[in-house]
Amino acid sequence: MSLEKRMNLSIAYIEENLDGRISIDDLAKVASCSKFHFQRVFLSCFDITVSDYIRKRKFTLAAVDLVSTQMSVMEIASKYGYDSPNAFTRAFRRVHGDNPSVVRSSQAKMATHRRVSFPIEKSGNDIVDYTILERPSFNIVGKSKKFNFDEFVKSGPKFWKEYVGSSEYKELSQLNRGRPGSVSGAPLLTAYFPEDKSKNDNFIDVFGVECSSDAASPSFESHQVPAATYAEFNCSYRNSMKTNRAIYGEWFSATGYERDHDKPDVVAYFPMPYRHFSDMNIRWWVPIIAKG
């Protein structure tokens with residue numbers, strides 16, 4: 001079964017269970033892929049995290065219940081998985097701009113968040129060039145932070161922008177003195193390690209340099225990137241997010257490759273002297289399971 005069909009099954013599962021609790025684990029099982037891959041595909045295709053999508057779909061229907069039934073706010077809150085009416089009211093207000101009581105008693109405007117589905121409208125870029133690489137295991141030494149997908153979308157870029165301006169980053173950059181790693185060929189790296197066993201759907205975002213374990217500094221963490229088969233995509237820093245969306249939103253579906261479970265995505269950075277950082281070259285490695 002194609003990735004698009006499996007993703008549509010998971011979207012149908014969401015719709016059938018909006019009046020209950022929906023776990024990312026269950027959605028990933030329906031789509032027959034890892035939680036990490038499921039969330040990346042969903043975000044890339046629809047420009048919204050799956051948890052935020054579920055929340056907005058719940059409150060689209062909750063608003064309908066408010067104006068078309070006699071159910072109490074407490075009953076509606078319970079129906080959509082909220083144990084506290086106050087928590088429900090706060091979340092409702094973030095989606096619709098007004099409290100449930102205002103929506104029920106007036107002609108207040110309500111937000112409608114439609115159901116998504118595949119196939120999606122394509123980006124217009126029909127060609128996504130890539131190379132298949134076999135890479136041995138290597139170490140990344142640096143700074144890490146644990147995110148879930150919602151947190152990363154909201155605060156991840158700001159966190160790392162501030163980190164690059166810190167004295168700790170200056171110390172980190174001295175570990176390899178700007179020299180490229182022997183495996184990655186890059187002076188600077190990011191790796192996204194999924195934690196599929198985590199109940200909180202977390203992943204570990206590691207920013208650092210390729211460095212042998214015996215040369216690592218005690219000031220920084222060391223993370224091992226396992227040997228893997230990667231699809232490599234080249235782009236500029238300016239276009240990196242667009243490229244990532246094309247990979248997860250279109251490329252997997254178009255090629256039939258599967259993401260290799262709990263192995264990390266790796267982003268290799270190649271700064272250019274006297275050029276703005278947005279012109280910096282990027283190589284994005286996505287671990288794949290080769291087609292049989």
Would a single hydrophobic cluster contain both [Y] and [X], if residues Ile, Leu, Val, Met, Phe, Trp and Tyr are joined by side-chain heavy-atom contacts under 4.5 Å?
| X | Y | result |
| --- | --- | --- |
| Val50 | Val30 | yes |
| Val209 | Val225 | no |
| Ile76 | Val67 | yes |
| Trp285 | Ile132 | no |

Please step through side chain to side chain contact (heavy atoms under 4.5 Å, CB included) for the pair Phe38 and Met7, ending with a clear verdict.
-> CA-CA 8 Å; Phe38 176 81; Met7 292 297 290; 3.6 Å; yes

Is it the case that Arg40 places NZ or CZ above or below the six-membered ring of Tyr192, under 6.0 angstrom from the centre and within 45 degrees of the axis?
-> yes

NZ or CZ of Arg135 within 45° of Tyr230 ring axis and under 6.0 Å = no

Please check if the distance between the ring centroids of [X] and [Y] is under 6.0 Å.
| X | Y | value |
| --- | --- | --- |
| Tyr82 | Phe59 | yes |
| Phe42 | Phe149 | no |
| Phe36 | His261 | no |

Neighbour count above 12 (heavy atom, 6.0 Å) for Met241 CE = yes

Got more than 12 heavy atoms from elsewhere within 6.0 Å of OH, Tyr237?
-> no

I would like to know whether Ser182 and Phe138 meet side chain to side chain contact (heavy atoms under 4.5 Å, CB included); could you show each step before the answer?
-> CA-CA 9 Å; Ser182 59; Phe138 64 94; over 6 Å; no

Should [X] and [Y] count as side-chain neighbours, where that means a heavy-atom distance under 4.5 Å?
| X | Y | answer |
| --- | --- | --- |
| Val141 | Ser222 | yes |
| Val206 | Glu221 | no |
| Glu195 | Ile204 | yes |
| Phe220 | Glu168 | yes |
| Phe203 | Asp265 | no |
| Tyr53 | Ile11 | yes |
| Asp65 | Tyr80 | yes |
| Lys143 | Phe159 | yes |

Looking only at non-hydrogen atoms, find the nearest pair between [X] and [Y] and report the distance.
| X | Y | answer |
| --- | --- | --- |
| Cys235 | Thr243 | CB-OG1, 3.3 Å |
| Trp284 | Ser240 | CZ3-O, 3.6 Å |
| Met110 | Ala63 | SD-CB, 3.5 Å |
| Phe270 | Gly185 | CE2-O, 3.0 Å |
| Arg114 | Arg57 | O-CD, 3.7 Å |
| Tyr269 | Pro187 | O-CD, 3.2 Å |

Measuring from atom [atom1] of [X] to atom [atom2] of [Y], what distance do you get when rounded to the nearest 0.5 angstrom?
| X | Y | atom1 | atom2 | value |
| --- | --- | --- | --- | --- |
| Leu9 | Ile14 | CG | CD1 | 11.5 Å |
| Ser2 | Lys5 | OG | NZ | 5.5 Å |
| Thr60 | His96 | OG1 | NE2 | 5.5 Å |
| Leu188 | Met280 | CG | CE | 7.0 Å |
| Arg55 | Ile22 | CZ | CD1 | 12.0 Å |
| Trp251 | Ile288 | CH2 | CD1 | 4.5 Å |

With the threshold set at 4.0 Å, does a side-chain nitrogen-carboxylate oxygen contact exist between Lys158 and Glu162?
-> yes

Any sub-3.5 Å donor-acceptor pair from [X]'s side-chain atoms to [Y]'s backbone N or O?
| X | Y | value |
| --- | --- | --- |
| Lys35 | Leu27 | no |
| Ser44 | Val41 | no |
| Arg259 | His37 | no |
| Tyr13 | Asp26 | no |
| Ser78 | Met74 | no |
| Lys56 | His113 | no |
| Glu210 | Val183 | yes |
| Ser236 | Asn281 | no |

Let me know which of Asp47, Leu43, Asp52, Asn148 forms a side-chain contact (heavy atoms from CB on, under 4.5 Å) with Val153.
-> Leu43

From the options Asn244, Val286, Val267, select the one residue that forms a side-chain contact (heavy atoms from CB on, under 4.5 Å) with Phe233.
-> Val286

Can you spot which of Arg90, Arg104, Arg93 makes a side-chain hydrogen bond (donor to acceptor under 3.5 Å, both in side chains) with Asn99?
-> Arg93

